[in-house]
*Asks:* 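Mind looking over this structure? Questions follow.
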Protein chains: 2
Amino acid sequence: MQKPKPPSKMFLDIVGELKSIIKEEGIITGGKLPSERELAERLQAGRSTIREALRSLELLGLIETRRGEGTFLADFKKHQLVEVLAAFIMQQPDSISDVQKTRRIHEKAAIVSVCKDSALHTLPVWESLLAKIELDGEILREDVIREMIVATGNRLSLKIWFLLKQYSKVPFDKMTGVSEKDIVKSLLENLHQGTEEKTLEAYSEWIELVEGERGEKEE
Amino acid sequence: MQKPKPPSKMFLDIVGELKSIIKEEGIITGGKLPSERELAERLQAGRSTIREALRSLELLGLIETRRGEGTFLADFKKHQLVEVLAAFIMQQPDSISDVQKTRRIHEKAAIVSVCKDSALHTLPVWESLLAKIELDGEILREDVIREMIVATGNRLSLKIWFLLKQYSKVPFDKMTGVSEKDIVKSLLENLHQGTEEKTLEAYSEWIELVEGERGEKEE
DNA sequence: AGATAGAGGTGGTCTGACCACTTATACTCA
DNA sequence: TGAGTATAAGTGGTCAGACCACCTCTATCT
């Protein structure tokens with residue numbers, strides 16, 4: 001019962017193989033991958049198939065290709081996929097809400113984590129943010145959240161959050177009215193004090209405000 | 001100063017073109033896209049180039065291809081990109097502890113979510129699990145957690161958790177002693193009652209037990 | 001009418017061939 | 001000798017054609 005070609009998705013196998021090669025050869029960020037022709041021979045596949053796998057990874061922003069030079073393991077900063085996804089996906093309400101919920105899971109967890117650790121909630125960064133709001137208000141919504149997750153030291157959570165943030169085209173730009181500033185100020189003050197309950201309260205208020213803000217013009 | 005081929009990323013243009021075609025032709029979820037050969041002719045490109053763009057979109061879970069039938073616009077429920085991203089993100093072993101922490105973030109969030117919704121914590125599945133433990137005890141640790149996340153209905157969180165579970169080589173096998181069974185029983189009972197505090201308490205106990213179990217032989 | 005064999009369309013893959021570009025090498029000439 | 005320049009090799013980018021395996025529909029045969 002030998003099946004020469006059981007499923008169809010061979011290029012997915014290639015993606016897996018590539019992962020192995022990267023791991024085995026210890027290719028680091030910015031390092032060079034074997035050439036397409038070499039990969040084709042090594043993996044017993046045509047160059048087209050190799051390329052299909054590579055293009056996928058490129059769109060994900062995982063690799064970077066430079067003509068005449070080669071293929072390189074990229075840093076997760078370009079995230080080209082976000083644009084494409086945003087363009088394609090924004091019609092699926094189910095998924096969108098999942099993305100938002102999941103994002104908030106990470107945000108709330110960060111708040112709790114910071115509040116529970118006195119070494120974290122006494123960080124000077126909160127006062128610094130507070131001061132900026134008081135002065136010119138030139139501060140982005142995502143800055144506040146990001147700093148909280150950064151403070152937890154969980155880089156994986158930060159990465160996931162970063163991805164989710166970009167998916168959910170939430171208005172992560174500058175803060176709008178006075179009421180929002182007050183809420184964020186309350187959030188930061190309570191965070192600084194480590195009063196978990198009130199911080200989460202302020203966070204919930206904030207979420208409702210931002211969500212309501214965009215809910216009026218859409219749908 | 002005419003540049004016949006200014007950039008290199010032609011397949012990215014194809015991705016954009018595809019978006020336009022989908023929009024203009026009003027192709028809905030599950031609908032059929034033009035064949036590769038037709039697209040090649042229409043977009044003045046080789047079939048290989050078309051395929052590279054299509055494979056990218058397939059990896060993102062945006063389209064679905066079926067041999068002998070055609071290419072179809074998929075719904076955004078697969079989240080295939082998560083697997084690939086995770087596989088590569090994990091490549092950089094930030095630290096196992098990050099993975100564990102993040103996994104627990106999702107688990108705790110699920111507990112809270114279930115407890116806060118009476119329609120969720122009154123689900124019969126909790127009693128069912130409880131009964132199984134009482135009888136033969138042939139129940140996996142991950143079953144309990146998984147059911148909780150499933151109950152929340154957040155499929156993205158479930159997917160992420162599943163990935164994290166695989167990476168954090170935690171003993172997710174059968175439960176060990178009597179004490180563990182008691183803890184899980186307490187967890188399920190409180191979950192069923194919707195008593196958030198006590199459920200989280202039981203969860204923390206559980207975590208400590210399991211962590212301590214493996215902490216003796218490692219590090 | 002039903003079952004069957006065929007043709008056509010589709011994605012999956014491979015091969016070979018160019019092109020454009022980068023890099024490294026070897027060569028030439030002052 | 002040294003600097004500059006031609007050349008070659010290697011790389012990704014693209015295309016064309018050819019098979020294969022699979023699905024569907026149709027026309028034919030019983």
Side-chain angles (χ1 to χ4, degrees), chain A residues 1-18 21-22 25 27 30-74 78 80 84, chain B residues 1-18 21-22 25 27 30-74 78 80 84:
Chain A
M1 203 50 149
Q2 52 191 8
K3 286 189 174 184
K5 314 204 172 179
S8 49
K9 299 153 190 169
M10 181 172 187
F11 90 99
L12 277 182
D13 297 340
I14 302 291
V15 171
E17 299 274 7
L18 285 175
I21 286 181
I22 290 174
E25 311 217 344
I27 300 173
K32 190 170 177 301
L33 273 67
S35 76
E36 297 178 352
R37 291 167 177 86
E38 183 184 338
L39 287 172
E41 193 174 356
R42 241 211 267 184
L43 302 181
Q44 289 279 295
R47 200 182 145 208
S48 319
T49 309
I50 300 293
R51 280 183 63 81
E52 290 184 9
L54 289 176
R55 287 299 77 70
S56 304
L57 296 181
E58 183 176 3
L59 192 70
L60 287 179
L62 296 177
I63 61 173
E64 186 181 352
T65 56
R66 294 197 284 272
R67 176 190 298 198
E69 298 182 54
T71 307
F72 305 85
L73 190 56
K78 310 293 174 63
Q80 208 149 23
V84 183
Chain B
M1 202 50 150
Q2 52 190 10
K3 286 190 175 183
K5 314 207 172 180
S8 47
K9 296 149 190 169
M10 182 172 185
F11 90 100
L12 276 181
D13 297 340
I14 303 291
V15 170
E17 299 275 6
L18 285 174
I21 287 181
I22 290 174
E25 310 215 347
I27 299 174
K32 190 172 178 298
L33 272 68
S35 76
E36 296 178 351
R37 290 168 177 85
E38 183 184 338
L39 286 172
E41 194 174 355
R42 240 210 267 184
L43 302 182
Q44 289 280 296
R47 200 182 148 209
S48 317
T49 309
I50 299 292
R51 280 184 61 82
E52 289 184 10
L54 289 176
R55 288 298 76 71
S56 303
L57 296 181
E58 183 176 2
L59 191 71
L60 290 180
L62 296 177
I63 62 173
E64 186 181 351
T65 56
R66 294 196 284 272
R67 175 188 297 197
E69 297 181 55
T71 307
F72 304 86
L73 190 57
K78 307 295 173 65
Q80 193 159 30
V84 182

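Order of the sequence lines sets the chain letters (A, B, ...), proteins ahead of strands, with each chain counted from 1.
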*Asks:* Under 3.5 Å between N/O atoms: give me all the protein pairs with nucleotides 3-9 of chain C, atom names plus distance.
*Replies:*
unit_1: C/dG9; atom_1: N2; unit_2: B/Gly68; atom_2: O; d: 3.1

*Asks:* Using side-chain contact (heavy atoms from CB on, under 4.5 Å) as the criterion, list what pairs up with A/Glu41, not counting sequence neighbours.
*Replies:* none
*Asks:* If you look at every strand shown and take non-hydrogen atoms under 4.0 Å, does B/Glu38 touch a base, only sugar-phosphate, or nothing?
*Replies:* nothing
*Asks:* If the condition is salt bridge (charged side-chain N to carboxylate O under 4.0 Å, His left out), which residues does A/Arg37 pass it with, not counting sequence neighbours?
*Replies:* none
*Asks:* Rounded to the nearest angstrom, tell me the gap between atom CG in B/Leu43 and atom P in D/dT14.
*Replies:* 13 Å
*Asks:* Let me spell it out: for each of A/Gln44 and B/Thr71, pick the nucleotide of DNA chain C with the closest heavy atom. Which residue's pick is nearer the 5' end?
*Replies:*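 Upstream on the strand: B/Thr71.
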*Asks:* Let me know which of A/Glu58, A/Arg51, A/Glu36 forms a side-chain hydrogen bond (donor to acceptor under 3.5 Å, both in side chains) with A/Thr65.
*Replies:* A/Glu58
*Asks:* Using the side-chain contact (heavy atoms from CB on, under 4.5 Å) criterion, which residues pair with B/Glu17? Sequence neighbours excluded.
*Replies:* B/Leu43
*Asks:* What integer distance in Å separates B/Arg51:CZ from C/dC14:P?
*Replies:*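 About 10 Å, once rounded to whole Å.
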*Asks:* Please determine if a side-chain N or O atom of A/Thr49 lies less than 4.0 Å away from the OP1 or OP2 oxygen of C/dG12.
*Replies:* no
*Asks:* Taking only side-chain nitrogens and oxygens of A/Thr65, does any of them come within less than 4.0 Å of OP1 or OP2 of D/dG13?
*Replies:*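 Checking A/Thr65 against D/dG13: at least one side-chain N or O falls below 4.0 Å of OP1 or OP2.
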*Asks:* Determine to 10° how strongly the helix from C/dA1-D/dT30 to C/dA30-D/dT1 is bent, judged from the axes of its five-pair ends.
*Replies:* 30°
*Asks:* Could you run down the sub-3.5 Å N/O contacts of the protein with nucleotides 16-18 of chain D?
*Replies:*
unit_1: D/dA18; atom_1: N6; unit_2: B/Arg47; atom_2: NH1; d: 3.4

